[in-house]
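Input: a single structure, listed below in structure tokens.
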Amino acid sequence: MDAATEATRSLQGLSPELTARVPQLLEAMRTVGAGLDLHVTLDRIVATAAELADARYAAIGIIDETRTGLSDFVTYGVTPQQHEQIGALPDGHKGLLGALIHDPRPLRLGNLTDDARSAGFPPGHPPMRTFLGVPIRVQGEVFGNLYLTEKRGGAEFSEEDLHMVRVLATEAGIAIGNARLHAATRQRERWIDGSVAVTTELLAGSDVDDALAVVAEQARKLADSAAGIVLLPDDEGGLEIVAVSADEPAGIMGTQIPNDSPVVEQLLTGEPVFVEDSASDPRMVTDIAQRFGPSMMLPLKSGGRVLGTLATPRSRGARPFTAAERTLATQFAAQAALALVLADAQRDRERLAVYEDRDRIARDLHDLVIQRLFATGMILESAQRRTIVPDVALGVGKAVDELDVTIQEIRTAIFALQQGPAEAPSGLRTRVLREIGTAAVPLGFQPSASFVGPVDSRVGELTGKNLIAALREALSNAFRHAQASRIEVVVDATIRLPDGTDGVRLTVADDGIGIPDGGRRSGLKNLAKRAESLGGCSTYGPGVGKDGTGTTVRWEAPL
């Protein structure tokens, strides 16, 4: 309202010539105020200002957060070919553009090249002589400057032109303020929706690796960054990358930041780290930092406990993160950390329920089933002694032997059910067999398993965790889609990857119906993504059924 009042007051006592242009000014103000998209609004302002002042070229330079240069430069009248010839847009650190940043007052020049503050034009820049510059204020603060050059017909910009453009700049400030408010609201909505999506996904029962991958993927999308990265504390007191979402994730997963890095201490105490350029910042000590530019590193902190770190680096040369983006990302990281804590607590409750159920099953097997089988065996042995028919005695004897084997198998199952998580062996071979045993129940048969090389000693923990997740995905796909009656699992820790490094290969082959044309590939994509994040690959081909029916999945990664 104050800006509108000031604009109305400035129209009082106009000359007849300027009064005649008021309808044109009002139409320009109406045009500028339409719409809420910020970039569309800026384009509309420069086009309207050029038409109002009859200028060949117009531009808006948006002042950056440091108030020393320009963060963006929106132009009108300059062709794409001229833009390409000019090269980089002005940064506002010198020349007349810089002068208007430090002294935001209207400026009208008959020949800008004669002004001592002029810094000249780069090669390929169109010639410009007459100049008109007016600051644009949004809520009392200078948002940027509106520049007009080259009045048509070769004349200079008049006082009337300056007056009209100043009124238009006032309306432009109102329109920009509304557009910025709308953009900020939409941005907050996106981050809130992203936090809800993360919380929903984590509480849906995903395992830890999948949960961290969800956090990385959502953060990357919301921050408009080149990658989303989750780091957890390692045994040496540093940080290790355990989840990555990126177009080129190879070489990122498993990277460690040593405990003597300047950023680690700050992150582990719960303080965020903001980096203007990862490639040149001396605090960024890893090789992968050379790939990125601006970056946010945010602690995943909940209840005073730091669970890890969320990093969202942008590509080299990309725009830096704004203060609003930093605030929203920090809030997102706190919400994600809380969701991780809640999801972990939920998984603990589910595990406790499973262990309680297993204890009940073990008791029932021991107290009821084994006792009944043992009693049945004794009855059969008594019948065997009484019969005089040799064939009957032989058949009863075989039945008794089968019962003894069954009792031993049930006792083994009881021991496994009573075994706590800390007592279970942690070797890769055992984990593979455990996954296969778990899958046998829904499959209705036991997949075969074989191992090549010392898989327990050669395969690292990170690769082993991902191999188990890949096996689980492959077996799940076979159960849901393959309709297989036979599955063969092979883990080979003696292979060489295409780049010559030592690796491990997981092969899961079935005799099912194969992959139909046009069928979903989401499971296969997940396998490939997981392998690529480690620097490996995942492929598929014919299965082990008759005439090659079924599917064979090969998943490879460095040791």
Margin query: Evaluate I229 against I252 for side chain to side chain contact (heavy atoms under 4.5 Å, CB included), listing each step before the verdict.
Written below: CA-CA 9 Å; I229 299 172; I252 299 179; 4.2 Å; yes
Main-chain N/O of [Y] paired to [X] side chain as donor or acceptor, under 3.5 Å:
X: R458; Y: G503; result: no
X: D224; Y: R220; result: no
X: N145; Y: I62; result: no
X: T286; Y: I257; result: no
X: D510; Y: A478; result: no
X: S278; Y: G293; result: yes
X: S261; Y: P258; result: no
X: E325; Y: T322; result: yes
X: T327; Y: A323; result: yes

I'd like to know whether [atom1] of [X] has more than 12 heavy-atom contacts from other residues, nucleotides or ligands below 6.0 angstrom.
X: E217; atom1: CD; answer: no
X: R186; atom1: CZ; answer: no
X: D287; atom1: CG; answer: no
X: Q446; atom1: CD; answer: yes

If the test is side-chain contact (heavy atoms from CB on, under 4.5 Å), which one of V490, V489, D492 qualifies with S450?
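Running side-chain contact (heavy atoms from CB on, under 4.5 Å) over V490, V489, D492 with S450 returns exactly one hit, V490.
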message: Applying ring-ring contact (aromatic ring centres under 6.0 Å, His included), can you list everything that pairs with F292, at least two apart in sequence or on another chain?
response: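 Here no residue qualifies.
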Considering non-hydrogen atoms only, spot the tightest contact between [X] and [Y] and give its length.
X: G535; Y: P558; result: C-CD, 4.0 Å
X: G61; Y: F73; result: CA-CD1, 3.8 Å
X: R137; Y: P135; result: NH1-CG, 3.7 Å
X: Y147; Y: I60; result: CE1-C, 4.4 Å
X: A493; Y: V504; result: CA-CG2, 4.1 Å
X: L467; Y: L506; result: O-CD2, 3.8 Å

Report task. Compute both the distance and the angle, then confirm whether R326 meets the cation-pi test with F321: under 6.0 Å from the six-membered ring centre, within 45 degrees of the axis. Result ->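 No, cation not above the ring by the 6.0 Å, 45° rule.
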Do [X] and [Y] touch side chain to side chain, with heavy atoms closer than 4.5 Å?
X: E240; Y: T255; value: no
X: V306; Y: L300; value: no
X: L268; Y: N259; value: no
X: V142; Y: I63; value: yes
X: L42; Y: Y76; value: no
X: D502; Y: I495; value: no
X: D43; Y: V74; value: yes
X: R496; Y: T501; value: no

Just how far is it from atom [atom1] of [X] to atom [atom2] of [Y], taken to the nearest 0.5 Å?
X: I288; Y: M253; atom1: CD1; atom2: CE; value: 11.0 Å
X: T185; Y: R190; atom1: OG1; atom2: CZ; value: 10.5 Å
X: T539; Y: L527; atom1: OG1; atom2: CG; value: 10.5 Å
X: N526; Y: R530; atom1: CG; atom2: CZ; value: 7.5 Å
X: L231; Y: L267; atom1: CG; atom2: CG; value: 8.0 Å
X: T312; Y: Q218; atom1: OG1; atom2: CD; value: 13.5 Å

May I have the step-by-step check of salt bridge (charged side-chain N to carboxylate O under 4.0 Å, His left out) for E276 and R319, ending in yes or no?
CA-CA 9 Å; E276 295 297 327; R319 65 177 180 84; over 6 Å; no
* In sequence, state the C-alpha distance, the side-chain angles, and the governing distance for L471 and R431, and then conclude on side chain to side chain contact (heavy atoms under 4.5 Å, CB included). => CA-CA 10 Å; L471 173 61; R431 284 183 284 170; over 6 Å; no
Please determine whether side chain to side chain donor-acceptor pair (under 3.5 Å) holds for the pair N466 and T463, giving the CA-CA distance in whole Å, both sets of side-chain angles, and the decisive distance to 0.1 Å. CA-CA 5 Å; N466 282 274; T463 299; over 6 Å; no
Exercise for the section: Output, in order, the C-alpha distance, side-chain angles, deciding distance and verdict of side chain to side chain contact (heavy atoms under 4.5 Å, CB included) for I487 and F479. Expected result: CA-CA 10 Å; I487 296 178; F479 164 67; over 6 Å; no
Query - Intermediate values then yes/no, side chain to side chain contact (heavy atoms under 4.5 Å, CB included), I86 and V78 - result: CA-CA 10 Å; I86 295 171; V78 181; 4.3 Å; yes
**OP:** Could you note down all residue pairs passing salt bridge (charged side-chain N to carboxylate O under 4.0 Å, His left out) where residues 550-559 supplies at least one of them, sequence neighbours left out?
**Re:**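 Residue pairs passing salt bridge (charged side-chain N to carboxylate O under 4.0 Å, His left out), neighbours aside: R505-E556.
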